[in-house]
There are 2 protein chains.
Amino acid sequence: MVLRIPTRRVLADDVYEQIRALIMSDGIAPAARVNIDEIARRLDVSPTPVREALARLESEELVSRLPLRGYRVTDLLNRKQVDDLYALRLLLEPPSAALAAGRMTAESVALIESELATCPAAPADDAYDDYKNLTAHDQRLHELILRIAGNDAVLQAFAKTHCHLHLFRLNFQQPFGVQTITEHRAIAEALVAGDEVGASAAMTAHLEIARSRLLDRM
Amino acid sequence: MVLRIPTRRVLADDVYEQIRALIMSDGIAPAARVNIDEIARRLDVSPTPVREALARLESEELVSRLPLRGYRVTDLLNRKQVDDLYALRLLLEPPSAALAAGRMTAESVALIESELATCPAAPADDAYDDYKNLTAHDQRLHELILRIAGNDAVLQAFAKTHCHLHLFRLNFQQPFGVQTITEHRAIAEALVAGDEVGASAAMTAHLEIARSRLLDRM
DNA sequence: GGATCTCTGATCCTATAGGATATTTGCGGG
DNA sequence: CCCGCAAATATCCTATAGGATCAGAGATCC
C-alpha cells in the first residue's frame, strides 16, 4: 500500500504558501509592493504560477491588486477593523455555540477533548513558535465548534474572514496563553454538558475579553 | 481637468466577467468541466488571463479546481445549502438593520429612498431581464443597509456569500416581485423612522418568507 | 535663480506561443 | 469481465515579446 499525497500539489500551491509565509513573517513588509518577477526569481519559478498564487491571495485580502501597477501587501488591521471583526464574530459564534451544544454526540465530545489536549500546556522554547501554535489551536477549536453546529455557510463565512491570520499579523507577544485556555475550557464544558445558554454566554465572554485585550494594546 | 478612466481594466477582468456571464446564463452547464484552451479560443485570448480569471472565480465558488484536472462549474445549491445560507443571513442582517435604524442620517434616508425608487414598478417585457433587474435591486438594497450599519466586516462577509448570485442560478421564475417590494418598503419605513426593533423584525420576516418561499419550490 | 515641463531610460506588468508532464480514454489480451 | 498498455487530450509551466508606468535628468519659462 503506497501512501499517496491526499491532494496533488501543483507549483502554484507551493508558491502560494511561500508568499503567504513571507507576508506572515514580515519577509515582505506591509504596504510594500510585490514584484512578480522578483518573487519568481527568488523562488526560481516563472511568473505564471506567481500570478495565480497572487490572484488567490487577493481573495483573502493579504494582497491587493492595482490594475497595471501590480500587487501590494495589505496594511495591518486598524482599530475599527479589529472592532468590526469581533462584532462579526459575536454575531456568528455565540449562536453557533448554542446550536452545537444542542447537537453534541459522543464523537463531537471526543473531537473537542482531543483538540483541547493538543494545546501545549508548557510553552515551547521559542516565543514565536509558541504564539503560532496557540493561534493554530485557537483557530481549529473555533472552527470545530462551527462544524459541530452544522451550518456550512456560517463556517465558510467565518473561515473567509481569515481572522486568525490577520490577527496573527498584529503579532502582539501578549500573555495570551493561560487566560485563553481557561476560557476555552469553560466553553468546552458547557458544550459537553449540552448547555446551550451557557455555551453561548461563554463564547460571548471569550470574544469580548479577547477584543478588549487586543484593543487595549493598539 | 483631465477626465480619467475610473478603473483601468485589464484583459483578465473582461475574461472574468465573460466567464461569469456564461455560467450565470447556463452557457456552461452546472457540473461541466471548463476547458481553459476552449475558453481562450472562444474569447480569442491566451490561456494566461483565463487562468487568472478562473482563480478569481474559484474564490467565489462558481467554479472548483481539481489539481491537474482543471476546473469545473459548481453544482446548484441544494436544500440544505439554501437553508444554511438563510440561517447565516438571519444572523447578520436583522441586527444590522437594527444598527442601521439607529444611525440614520438625512443622507442615508435619501439613499434608501432613491434605491427604492429604482425598483421597476411595471415589469419589463422580458421575464428574464425583469428577474435580473429585481435581483440586482434586492442585492443593492440589502448591501446598502449593511453599509449604513457601518460594519465593513459584516458587509464583506455578506458580500462574499454571493448569495444573490447563487440564488439567481436557481432561477425560479416565481411571482417574486410584488411581495418582495412590499416587504422592502416595510423595512425602509422602520429604518427611516429610526425604529430599531421594527427594522430588525421586518428584516427577519422578509428573510424567513423568502426562505420558505424558495424551499417550497425545491 | 527657481519651478515646471518634457524627454529618456529602466522596470515591471500583460499577453502569447510553445513544450513538458499528467491524466484520461480506447483497445487488445488474458 | 478485468487488467494493462498506448495514444490523445488538456493542464501546467517556461520563455519571450510588447506596452504601460515611474523615476530622474535636462531644458525652458517665469
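Just so it is clear: chains get the letters A, B, ... in the order the sequence lines come, proteins before strands, and each one is counted from 1. Keep in mind it's a predicted model, so treat the numbers as computed, not measured.
With no hydrogens or angles considered, a side-chain donor-acceptor pair links B:H137 and B:E115 at under 3.5 Å.
Regarding B:R51, its CZ atom lies at a distance of 18 Å from the P atom of C:dC13, rounded to whole Å. Atoms CG (B:L66) and P (C:dT24) sit 9 Å apart, rounded to a whole Å. One can place CD of A:E52 at 12 Å from P of D:dT11, the figure rounded to the nearest angstrom. Atom CG in A:N35 sits about 13 Å away from atom C1' in D:dC22, given to the nearest Å. Rounded to whole Å, the distance from CG on A:D37 to P on C:dA15 is 15 Å. One can place CG of A:L11 at 5 Å from P of D:dC13, the figure rounded to the nearest angstrom. The interatomic distance linking B:R33 (CZ) with D:dT11 (C1') rounds to 10 Å, in whole Å. One atom, CZ of A:R41, and another, C1' of C:dT11, lie 10 Å apart when rounded to the nearest Å.
The side chain of B:S46 places an N or O atom within less than 4.0 Å of a non-bridging phosphate oxygen (OP1 or OP2) of C:dT16. Side-chain nitrogen and oxygen atoms of B:R69 include at least one within less than 4.0 Å of the OP1 or OP2 phosphate oxygen of C:dT24.
Nucleic acid contact for B:V34: sugar-phosphate only, since backbone atoms but no base atoms lie under 4.0 Å from a heavy atom of the residue. When heavy atoms are screened at a 4.0 angstrom cut-off, B:V50 is found touching no nucleic acid atom at all.
By the 4.0 Å N-to-carboxylate-O rule, B:D37 lies too far from B:R42 to be salt-bridged with it.
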